[in-house]
Amino acid sequence: MTAPVFVLDPLPAFEAGEFVLDGPEGRHAVSVKRLRPGEDVVLTDGRGRWVEGVVKAAEGKDRLVLTGLDKVVEEPREQPRITVVQALPKGDRGEVAVETMTEVGVDAIVPWAASRCITQWRGDRGLKALAKWRATAREAGKQSRRARFPEVADAASTRQVAELLARADFAAVLHESGDRSLATAELPAEGEIVLVVGPEGGVSPQELAAFAEAGAASYVLGRSVLRTSTAGTAAAALLLGLTGRWS
């Protein structure tokens, strides 16, 4: 999928003829992308369904007239599914993590309120922060030409993360105490891989113990220590290569 992607949720049942993409997506296509007649586009619902079309005309500042829309394609879920539990970073580093993990191909992101997180999501502030993460995943999904955007879950507690790890087919925590490299891990061909990325202050001994009890071993990526906002992306890229999803 190389044509520019625009979100239309839900995708309608396209019939022969024309379709007008307007509103924010139409404005982006006409005024930002500056699409012209004859160029290809893709419309997706962000949940795996997409359809190709061709620009017939651009009208005003926010109306793109499309033609050639035919069969809606249902993209299957890739296996194994990769979920990253991301501890809450400071400032805008969380959006950076979500953006780059979306670009490499992570399937789900779970914000985690670790005990050593400086940032805490409470009340309206937490709802706004979560909305930013979800908007970032949506925009990064479009930019990286994905038809299935990553799911960004509600913020999870340590107990909830442990429950998620216990259900996984492969569970790992990135931590300097690990005596194994993630590059040597035996990964399942199908099912769920869950990876935990701790905060800048590190995963606490109590959290490590809870995750170990849930079946998650500690792994390292290499000799250097990455920031929390980059570790998940680097680890996910490694897992995508090892599982063959990038082949």
Side-chain angles (χ1 to χ4, degrees), residues 80-121 129 133 136-137 140 150 152-153 155-188 191-246:
R81 176 180 164 90
I82 298 176
T83 295
V84 176
V85 176
Q86 174 66 60
L88 306 179
K90 297 181 292 183
D92 63 356
R93 304 295 297 184
E95 288 96 276
V96 172
V98 171
E99 179 180 59
T100 53
M101 285 192 288
T102 298
E103 290 172 359
V104 299
V106 165
D107 300 294
I109 301 168
V110 179
W112 171 37
S115 62
R116 293 179 177 175
C117 284
I118 295 175
T119 299
Q120 295 293 327
W121 287 1
W133 280 36
T136 298
V152 180
S157 65
T158 296
R159 177 183 59 79
Q160 290 169 323
V161 172
E163 292 172 352
L164 181 64
L165 294 169
R167 296 192 300 267
D169 297 281
F170 175 83
V173 181
L174 292 182
H175 194 267
E176 58 190 7
S177 66
D179 57 2
R180 287 168 285 185
S181 168
L182 190 62
T184 64
E186 294 185 10
L187 303 173
E192 184 91 14
I193 293 175
V194 179
L195 178 73
V196 176
V197 178
E200 299 290 355
V203 182
S204 73
Q206 294 79 13
E207 290 164 340
L208 274 179
F211 297 159
E213 186 176 351
S218 294
Y219 290 85
V220 294
L221 276 176
R223 295 181 179 179
S224 60
V225 177
L226 302 181
R227 295 192 67 165
T228 184
S229 54
T230 56
T233 300
L238 176 62
L239 294 173
L240 287 161
L242 291 174
T243 58
R245 283 182 51 175
W246 271 8

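Residue numbers run from 1 in the order of the sequence given.
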Chi angles and distances behind the side-chain contact (heavy atoms from CB on, under 4.5 Å) call for V106, Q86: CA-CA 12 Å; V106 165; Q86 174 66 60; over 6 Å; no

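Here the shortest heavy-atom pairing between T158 and E207 reads OG1-OE2, 3.6 Å. Taking both residues in full, the closest heavy atoms of V110 and A153 are given as CG2-CB, 4.2 Å, listed atom of the first, atom of the second, then distance. Nearest heavy-atom pair across G198 and V203 is CA-CG2, 3.7 Å. Nearest heavy-atom pair, P111 versus L88, reported as atom, atom and distance to 0.1 Å: CB-CD2, 3.8 Å. Taking all atoms of both residues into account, the shortest heavy-atom contact from L165 to A216 is CD1-CB, 3.9 Å. Of all heavy-atom pairs between F211 and A162, the closest is CE2-N, 4.0 Å.
To the nearest 0.5 Å, atom CG of residue L238 and atom OG1 of residue T243 are 9.5 Å apart. Separation of atoms CG (L187) and CG (L239) is listed at 6.0 Å; rounding is to 0.5 Å. Annotation: the span from E200 atom CD to S229 atom OG amounts to 6.5 Å, rounded to 0.5 Å. Taking CH2 of W112 as the reference point, atom OG1 of T228 lies at 9.0 Å (rounded to 0.5 Å). Atoms CD1 and OG1, from I109 and T102 in turn, are 4.5 Å apart once rounded to the nearest 0.5 Å. Going from atom CG of L195 over to atom CG of L174 covers 4.5 Å, rounded to the nearest 0.5 Å.
Using modelled atom types, no side-chain atom of D107 and backbone atom of T83 make a donor-acceptor pair closer than 3.5 Å. Judged by distance alone, the side chain of R180 and the main-chain N or O of A185 form no donor-acceptor pair under 3.5 Å. Not a single donor-acceptor pair under 3.5 Å links the side chain of E95 to the backbone N or O of T136. Using modelled atom types, one side-chain atom of R245 and one backbone atom of G105 make a donor-acceptor pair closer than 3.5 Å.
Counting non-hydrogen atoms of other residues, nucleotides and ligands closer than 6.0 Å to CD of E163 gives a total above 12.
Ring geometry for Y219 versus F170: interplanar angle of 30 to 60°, hence tilted.
Contact check for P188 versus I193: side-chain heavy atoms found under the 4.5 Å cut-off. Between T230 and T100, the closest side-chain pair of non-hydrogen atoms is not below 4.5 Å. Between S218 and L208 there is a side-chain heavy-atom pair separated by less than 4.5 Å.
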